[in-house]
Number of protein chains: 2
Amino acid sequence: MPQRPSPHQYQTARPARSHTSRVVDDLGLKIVSGAQQQGSLLPGDGELIERYGVSRTVLREALKTLSAKGLLQAKARIGTRVRPRADWNLFDPDVLVWHARIGFAPEFLKHLGEMRMALEPEAAALAASRRTPGQLQGLEDWAGRMDNPDIGQQDFVDADLGLHLAVAEAANNPFFLSISTLIEVALVAMLTASSPVESAARLKASVAQHRAIVDAIAARDPDAARKAMQAVVQTGIDGAR
Amino acid sequence: MPQRPSPHQYQTARPARSHTSRVVDDLGLKIVSGAQQQGSLLPGDGELIERYGVSRTVLREALKTLSAKGLLQAKARIGTRVRPRADWNLFDPDVLVWHARIGFAPEFLKHLGEMRMALEPEAAALAASRRTPGQLQGLEDWAGRMDNPDIGQQDFVDADLGLHLAVAEAANNPFFLSISTLIEVALVAMLTASSPVESAARLKASVAQHRAIVDAIAARDPDAARKAMQAVVQTGIDGAR
DNA sequence: GTCAATAATAAGTCATACTTTTTATTGACT
DNA sequence: AGTCAATAAAAAGTATGACTTATTATTGAC
């Protein structure tokens, strides 16, 4: 049973409101949600052109975009099929946001948590050995923002997210940059799934956990950084139940 | 100094030799290789249409595909720019294969190794707790194939790759399926970078290491599986140095 | 019953004209 | 001189219609 979608505004939310992106968005959402099933054949151009009230040009460019993300495959004489989920590029920011928009099924939440547990602790460990002085300063700043006692709910989430993204960046490995949207979606998903109003005690504990990550990175201690991040991610997973 | 590209045939190698895919391929390679620099403006349609000898339709669909992968961004009145590498979807199979085709810079090899080290041990740990009987059988089969004393070079690589992909699949988490191409590219990269003819002793050691992974997964021992996979990946990284 | 010619279908391509968005320029007005 | 709004220009975006190619199913000869 999917949780309700969160009101969070994802970075990926494109202001590009062209006809093409409207069609991409709607079809992408239909596919990810299962309204257009895996392996199924899309309606022919004629029907889709009529459904969306666009030209063949727009429709084809939209299908090209979805094909590029692994969601569709066109074959002559057959038509355009929805590819099996195993072929989707789940790390694609759009695909991730579509998953977020349909609400988070517990199963999906679990899978997201497992990815965070694989990636973020390693990112923290790498950051500990490779962070630049400037990156460390950025991390300290984010930790400082979280530590503000009368911080609002939204600002806390932003600071939390900012810190995690800063860790990923400080790993100085471009692959960890590519998972920024995954971190964003996963973190927001877990915070959304947990109680909307966290107790002051829990907030304080969270701040301390995050501070431990930054301290370990400051001390250039990869193992401590990894452990500290594992604790944070585990807390997030537990909170989301 | 990039290593030479390997002769390996990647799964992603599309037989789709349409005009569009030719343009996508060529431009994608130019961008990834840096021949078309990050942040730079692409030539106007007129010039690209002439360069590739295609229609505007084909050119636009190619640009849409590259935009979908995060490589390009179009803005009215400005033109189409190559986005900074931080925005590329490095997990996209095509983007990965383009990286492979230009040869592996030591830096890129290091980053790939770090990703493997983050992902594969966790996949092995998850597989240990979640693998189905059928998946276990598949793993045993791959290990058996590697163990053949008079196996050829190519068949050994195939079995090696097959086993790693089977572990990722047995994690029963769709995100780990999405990194199949990453595993493939990284593994081939490391085998390519290491000595082309491995000694019999090293091959035997490799077989034993892989067997340990399968045994741990069979025994439903996540920690042992994680450790065994870490050893394998570390060996690959060391060999590539 | 096999196999090759062929018909049918949907994707792919081309050419052209037009619309919208965004930025730079121009020129009036304070 | 400096501000600001009207306007021009450039490039992306959209629309339309006709045509080509690839692939599969059908047909018919052997």
Side-chain angles (χ1 to χ4, degrees), chain A residues 12-28 30-31 36-84 87 94, chain B residues 12-28 30-31 36-84 87 94:
Chain A
T12 313
R14 299 166 291 188
R17 298 321 310 173
S18 62
H19 291 177
T20 305
S21 69
R22 231 194 59 237
V23 176
V24 168
D25 228 55
D26 189 81
L27 266 178
K30 277 198 168 58
I31 293 168
Q36 182 75 49
Q37 289 196 341
Q38 298 173 50
S40 71
L41 217 54
L42 246 51
D45 352 15
E47 187 177 331
L48 290 174
I49 284 171
E50 191 171 10
R51 177 193 298 177
Y52 291 110
V54 296
S55 68
R56 202 162 112 88
T57 308
V58 165
L59 180 69
R60 281 189 54 83
E61 292 193 357
L63 297 186
K64 272 284 171 197
T65 295
L66 292 170
S67 299
K69 295 173 187 298
L71 268 52
L72 294 178
Q73 177 149 23
K75 289 196 70 173
R77 176 64 208 265
I78 301 295
T80 302
R81 279 194 185 288
V82 178
R83 296 178 74 175
D87 294 332
D94 289 321
Chain B
T12 313
R14 299 166 291 188
R17 299 320 308 173
S18 62
H19 291 176
T20 305
S21 69
R22 230 193 59 237
V23 176
V24 168
D25 228 54
D26 189 82
L27 266 178
K30 277 196 169 58
I31 293 168
Q36 181 75 49
Q37 290 196 340
Q38 299 172 50
S40 71
L41 217 54
L42 245 51
D45 354 15
E47 187 177 331
L48 290 173
I49 285 171
E50 190 171 10
R51 178 193 298 178
Y52 291 111
V54 296
S55 68
R56 204 161 110 88
T57 307
V58 165
L59 179 68
R60 282 190 52 85
E61 292 192 357
L63 297 186
K64 273 283 172 197
T65 296
L66 293 170
S67 298
K69 295 173 185 299
L71 268 53
L72 294 178
Q73 177 149 22
K75 289 195 70 172
R77 177 63 208 265
I78 301 296
T80 302
R81 278 194 186 287
V82 178
R83 296 178 73 176
D87 294 332
D94 289 321

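Within every chain, numbering begins at 1; the chains are lettered A, B, ... in the order of the sequence lines, protein sequences first and strands thereafter. Treat the numbers as computed from the prediction; the structure is a model and nothing was measured.
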Do the side-chain N or O atoms of A:Lys64 get closer than 4.0 angstrom to the phosphate oxygens (OP1, OP2) of C:dA11? no
Out of C:dT13, D:dT24, D:dA15, whichever nucleotide has its closest atom nearest the side chain of A:Val58: D:dA15
Whole Å only: how far is the CG atom of A:Leu41 from the P atom of D:dT24? 13 Å
Measuring to OP1 and OP2 of C:dC14, would you say a side-chain N or O of B:His19 lies under 4.0 angstrom away? yes
Considering only NZ, NE, NH1 and NH2 on the basic side and carboxylate oxygens on the acidic side, decide whether B:Asp26 and B:Arg22 come within less than 4.0 Å. no
Between P on C:dA10 and CG on A:Leu63, what's the gap in Å once rounded to a whole number? 14 Å
Considering only heavy atoms and no angle criterion, is a donor-acceptor pair shorter than 3.5 Å present between the side chain of B:Ser55 and the base of C:dA15? no
What are the two closest heavy atoms between B:Arg51 and B:Pro43, and how far apart are they? NH2-CG, 3.7 Å
Nearest-nucleotide check on DNA chain D, A:Gly53 vs A:Arg77; residue mapping nearer the 5' end is A:Gly53
Expressed in angstrom and rounded to an integer, what is the separation of A:Gln73 atom CD from C:dA10 atom C1'? 15 Å
Quick one: are B:Leu27 and B:Tyr52 in side-chain contact, heavy atoms under 4.5 Å? yes
Which nucleotide sits closest to the side chain of A:Thr57: D:dA12, D:dA15, C:dA11? D:dA15
Ignoring the backbone of B:Arg60, work out which of D:dG13, D:dT16, C:dT13 is nearest its side chain. D:dG13
Atom pair CG/CG of B:Leu63 and B:Leu71 - distance to nearest 0.5 Å: 11.0 Å
Taking the side chain as every heavy atom from C-beta outward, state whether B:Val82 and B:Leu72 have any atom pair closer than 4.5 Å. yes
Nearest-nucleotide 5' precedence on DNA chain C, A:Arg56 against B:Ile78: A:Arg56
Value in whole Å for how far the P atom of C:dA10 lies from CD1 of A:Ile49: 13 Å
Look at A:Thr20 and D:dT14 and indicate whether a side-chain polar atom (N or O) is within less than 4.0 Å of OP1 or OP2. yes
How many Å lie between CZ on B:Arg22 and C1' on C:dG12, as a whole number? 14 Å
With both distances under 3.5 Å as the test, what is the Watson-Crick or G-U wobble partner of D:dA29? C:dT2
Between C1' of D:dG13 and CZ of A:Arg17, the distance in whole Å: 15 Å
Rounded off to whole Å, could you give me the NZ-to-P distance for the B:Lys75 and D:dA12 pair? 13 Å
Looking at C:dA11, I'd like to know if its phosphate oxygens (OP1 or OP2) sit under 4.0 Å from a side-chain N or O belonging to A:Thr80. yes
Length of the line joining A:Leu72:CG and C:dG12:P, which is rounded to integer Å: 11 Å
